Amino acid sequence: MVTALDRVDRLVPPGFDGRRELKLAAGVILAASAVLLLAFWFKYAAAVSAMYDYSYGVRRERPGAVFVSCADMLLPGRAAFWLVLAECVWLLVRYVSYHFTGGTKAMYTMRRIGRPGEFIARCTALPLAELVCSQLVWRVLALLMGRIYVLSTPERWLPPDTWESIVRLVTF
C-alpha cells in the first residue's frame, strides 16, 4: 500500500529524501511565520508605549502622537517571507545542479524514467509548492494581524483607511 508520504519522493529529484526536504520546507515557512508574529507583537507593544508620556507615575497620552500603521508593523514579517522566496530559488538551483553533478549521477536515473518533463516536474514541484504555501500563510497571517491591529487599537489612533491599507498590503 502506497501512502502519501511515500509519494513525496516523487516531488524531488532522485538522490534526495522527499520526507526530509518536505520537513525542511515546512520548517522554513514556520520560521517565517514566527518572525511575522513576534515582530508584529514587539512593534505593536512599542507603538502603544510610544503613544504615552509618563510623568510622576501618571500615564498621559501624548498630544499629536501618530500611531504606527499596520503595514509598518508587518514589514519584518514581509522580509521573512521574501527570504522564503529566496530559499525556494536556492532549492530549485540545488535540485537542478545536483541533477548534473550529484554523486549518484541522477542525470542517468532521470533518463531511465523515460517520461519527458519528469526532470522539470521533480525539480520544480517542491519549490513551487513551498512558494504557494508560504504566500498563502503570509496573506492569512497578515489579515489576522490586521484584524488584531484594528480590534486592539483605540479608534482615535487608527488612520481613516486602515482596512483598505491592510487589504492592499495583502493583495499586492
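What you are looking at is a predicted structure, and each value in this text was computed from that prediction instead of being measured. Values below: every heavy atom of this structure, side chains too, minus hydrogens, waters and symmetry copies.
- L91 and F16 fall within the same hydrophobic cluster, defined by Ile, Leu, Val, Met, Phe, Trp and Tyr side-chain heavy atoms under 4.5 Å apart, directly or through other members.
- One hydrophobic cluster, built from ILVMFWY side chains closer than 4.5 Å, holds both L158 and Y52.
- Heavy-atom minimum distance, E21 versus L126: CB-CD2, 3.6 Å.
- Atom CZ of R20 is separated from atom CG of D9 by 12.5 Å, given to the nearest 0.5 angstrom.
- Annotation: the span from L131 atom CG to L136 atom CG amounts to 11.5 Å, rounded to 0.5 Å.
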Exercise answer: donor-acceptor pairs, residues 145-153 side-chain atoms, under 3.5 Å, sequence neighbours excluded:
{"residue": "Y149", "atom": "OH", "partner": "V68", "partner atom": "O", "Å": "2.8"}
{"residue": "S152", "atom": "OG", "partner": "I148", "partner atom": "O", "Å": "2.9"}
{"residue": "T153", "atom": "OG1", "partner": "Y44", "partner atom": "OH", "Å": "2.9"}
{"residue": "T153", "atom": "OG1", "partner": "Y149", "partner atom": "O", "Å": "2.6"}

*Taking it one step at a time, do L143 and W138 satisfy side chain to side chain contact (heavy atoms under 4.5 Å, CB included)?*
CA-CA 9 Å; L143 284 174; W138 151 246; over 6 Å; no
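- In this structure, CG on L169 lies 9.0 Å from OG on S69, to the nearest 0.5 angstrom.
- Annotation: salt bridge (charged side-chain N to carboxylate O under 4.0 Å, His left out) contacts involving residues 53-63, sequence neighbours excluded, comprise D53-R62, E61-R156.
- A continuous path of hydrophobic side-chain contacts links V48 to L37 [ILVMFWY only; heavy atoms under 4.5 Å].
- Between I166 atom CD1 and M73 atom CE the span is 10.0 Å, to the nearest 0.5 Å.
- Residues in residues 81-90 take part in no side-chain hydrogen bond (donor to acceptor under 3.5 Å, both in side chains) pair, two or more places apart or across chains.
- Although no hydrogens or angles enter the test, the distance criterion places no donor-acceptor pair under 3.5 Å between the side chain of S49 and the main chain of A45.
- The NZ atom of K43 lies 7.0 Å from the CG atom of L75; values are rounded to the nearest 0.5 Å.
- The closest side-chain heavy-atom distance from P127 to Y95 is below 4.5 Å.
- The number of heavy-atom neighbours closer than 6.0 Å to CD of E155, taken from other residues, nucleotides and ligands shown, is 12 or below.
- Residues L36 and P76 fail the side-chain proximity criterion, which asks for heavy atoms closer than 4.5 Å.
- For the residue pair F40 and C70, the shortest heavy atom distance occurs at CE1-SG, 4.3 Å.
- Cluster membership check: V170 does not share its hydrophobic cluster with V140, using side-chain heavy-atom separations under 4.5 Å among Ile, Leu, Val, Met, Phe, Trp and Tyr.
- Expressed to the nearest 0.5 Å, how far SG of C123 lies from CG of L11 amounts to 12.0 Å.
- Residue A32 comes nearest to V84 through the heavy atom pair CB-CG2, 3.6 Å, listed as atom of the first residue, atom of the second, then distance.
- Using a 4.5 Å heavy-atom cutoff, the side chains of F67 and P154 are not in contact.
- No continuous path of ILVMFWY side-chain contacts below 4.5 Å connects L22 to L128, so the two sit in separate hydrophobic clusters.
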